[in-house]
Student: 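This structure is in structure tokens; I'll ask about it shortly.
Everything quoted here is computed from the prediction, not taken from an experiment. Both ligands and their constituent atoms are indexed starting at 1 by order of listing. Keep in mind that the numbers below use all heavy atoms, side chains included, and drop hydrogens, waters and symmetry copies.
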Amino acid sequence: MFSGLIKRPRRLRNDNIRDLVRETGLSIDDLIYPLFVVPGKNIKEEIPSMPGNYHWSLDLLEKEIDRIVDLGIKAVILFGIPESKDERGSAAWAKDGIVQRACQKIKEKHPDLLVITDVCLCQYTDHGHCGVLEEGRVKNDSTLELLPKVAVSHVEAGADMVAPSDMMDGRVGAIRQALDDRGFNNTSIMAYSAKYASGFYGPFRDAAHSAPQEGDRRSYQMDPGNSREAVKETELDIEEGADIVMVKPALSYLDIIKTVKEEFNYPVAAYNVSGEFSLIKAAAEKGWINEQEVVLEMLMSMKRAGADLILTYFAKEVARWLNEGKIK
Ligand code: PBG
């Protein structure tokens with residue numbers, strides 16, 4: 001009889017067994033929620049291309065942080081939109097800059113919430129590039145003089161972790177050194193290590209008003225065709241002192257997440273970027289997909305690939321679903 005030869009993996013897919021043998025889990029502890037902070041008062045302005053995400057002035061941010069903490073989210077990453085921009089992005093390291101004030105405000109009330117700050121110049125320069133521009137070129141080493149100032153100013157304001165996203169060579173080392181010199185040797189660095197030049201950042205650049213006025217970011221962000229280079233970039237960041245390494249974007253780069261995870265004994269973060277968020281929101285609005293199913297499947301794929309942490313604009317929704325026990 002043939003039936004005795006049939007192997008039956010379906011046995012483990014019964015309702016009462018499935019959960020017990022699931023290999024990958026998703027938990028609120030994995031999630032980092034990005035927030036956009038702006039100067040002014042009484043501002044809660046929805047970002048049109050990212051429904052459910054807002055520009056927050058600090059007075060209204062307070063309540064939003066309460067909600068985030070109530071949901072059980074353990075970490076946020078802050079992006080600032082400054083009052084004014086200049087050639088070198090000096091508002092990025094101002095003592096009373098928007099991110100610095102946000103750090104102080106959040107930490108006063110919620111010392112246990114992990115506050116991470118994005119360290120970059122693109123929201124702060126009038127040309128919109130992530131570094132200093134000289135004769136139309138983004139200058140690496142001149143930028144390295146500025147980024148540590150930004151990182152130090154965030155940490156002095158209370159940030160627990162800094163996340164350099166500019167992709168200049170040597171920036172992790174420069175920031176580590178500057179922090180250590182000031183006694184912040186316990187402050188960790190999450191490096192955007194394998195950050196690709198990606199079309200998936202479109203909605204974010206609207207949100208952060210950070211699109212380059214001229215040219216693009218391909219002279220410093222990675223070429224989507226490369227994976228060995230991701231290993232090299234990550235290796236350099238680890239050598240320079242990164243504590244957590246990041247792959248960004250996530251969804252089109254699951255292979256990179258897996259490679260980085262297998263190659264290094266370090267926590268890997270995946271950035272589920274704005275374009276990945278907006279595609280799902282738009283399709284769900286049209287009724288073409290089931291938002292919850294697709295979001296969970298997508299985040300699970302990042303975890304399965306090897307991500308330990310996920311930065312995602314869906315964090316609040318996912319936390320709600322997990323709290324309500326709606327996830328099966
Ligand atoms: C700043 C920065 C960007 C993102 C995070 N930090 C934009 C960029 O590099 O153009 C993208 C985040 C997203 O798309 O959600 N350098």
Student: For Asp237, is there an ion pair with Arg171 - N to carboxylate O distance below 4.0 angstrom?
Tutor: yes
Student: If you measure from the Lys or Arg side-chain nitrogens to the Asp or Glu carboxylate oxygens, is any gap between Arg22 and Asp19 under 4.0 Å?
Tutor: yes
Student: Hey, mind stepping through Ser188 and Asp243 against side chain to side chain donor-acceptor pair (under 3.5 Å) and telling me if it holds?
Tutor: CA-CA 6 Å; Ser188 42; Asp243 301 286; 4.8 Å; no
Student: Establish, yes or no, whether a centroid distance under 6.0 Å links the rings of Tyr201 and Tyr196.
Tutor: no
Student: List ligand 1 atoms under 4.0 Å from Phe79, heavy atoms only on the residue side.
Tutor: 5 (C), 6 (N)
Student: Among all the protein's non-hydrogen atoms, which is closest to atom 14 (O) of ligand 1, and how far away is it?
Tutor: Ser274 OG, 2.7 Å
Student: Please could you name the atoms of ligand 1 that Cys122 approaches to less than 4.0 Å, counting only its heavy atoms?
Tutor: 1 (C), 16 (N)
Student: Compute the shortest N/O to N/O distance between Ser210 and ligand 1 and return yes if it is under 3.5 Å, no if not.
Tutor: no
Student: Check for me whether Gln221 has a heavy atom closer than 4.0 Å to any atom of ligand 1.
Tutor: yes
Student: What do we get for Asp118 next to ligand 1 when only non-hydrogen atoms under 4.0 Å count, side chain, backbone, both or neither?
Tutor: side chain
Student: Looking only at heavy atoms of Lys195, does any of them come nearer than 4.0 Å to an atom of ligand 1?
Tutor: yes
Student: Looking at CD of Glu62 and NZ of Lys105, how far apart are the two atoms once the value is rounded to the nearest 0.5 Å?
Tutor: 4.5 Å
Student: Between Lys195 and Asp166, is there a salt bridge with N-O shorter than 4.0 Å?
Tutor: no
Student: Under a 4.5 Å cut-off applied to non-hydrogen side-chain atoms, are Thr259 and Thr234 in contact?
Tutor: no
Student: Is it the side chain, the backbone, both or neither of Phe277 that has a heavy atom closer than 4.0 Å to ligand 1?
Tutor: neither
Student: Show which atoms of ligand 1 fall inside a sub-4.0 Å distance from at least one heavy-atom site of Arg217.
Tutor: 8 (C), 9 (O), 10 (O)
Student: At a 4.0 Å threshold, what atoms of ligand 1 neighbour a non-hydrogen atom of Ser165?
Tutor: 1 (C), 2 (C), 6 (N), 16 (N)
Student: For Lys316 and Glu64, what are the C-alpha separation, side-chain angles and deciding distance, and is it a salt bridge (charged side-chain N to carboxylate O under 4.0 Å, His left out)?
Tutor: CA-CA 11 Å; Lys316 282 169 61 187; Glu64 175 68 354; 2.7 Å; yes
Student: For Tyr271 and ligand 1, answer yes if some heavy atom of the residue is under 4.0 Å from a ligand atom, otherwise no.
Tutor: yes
Student: Provide, to 0.1 Å, the distance between atom 4 (C) of ligand 1 and the closest protein heavy atom, together with that atom's residue and name.
Tutor: Lys248 NZ, 2.6 Å
Student: Can you report which non-hydrogen protein atom sits closest to atom 12 (C) of ligand 1, along with the distance?
Tutor: Phe204 CD1, 3.3 Å
Student: Do NZ/NE/NH1/NH2 and the carboxylate oxygens of Lys232 and Glu235 come within less than 4.0 Å?
Tutor: no
Student: Taking N or O atoms only and a 3.5 Å limit, does Tyr313 qualify as a polar contact for ligand 1?
Tutor: yes
Student: Within the 4.0 Å heavy-atom shell around Val273, which atoms of ligand 1 are there?
Tutor: 13 (C), 14 (O), 15 (O)
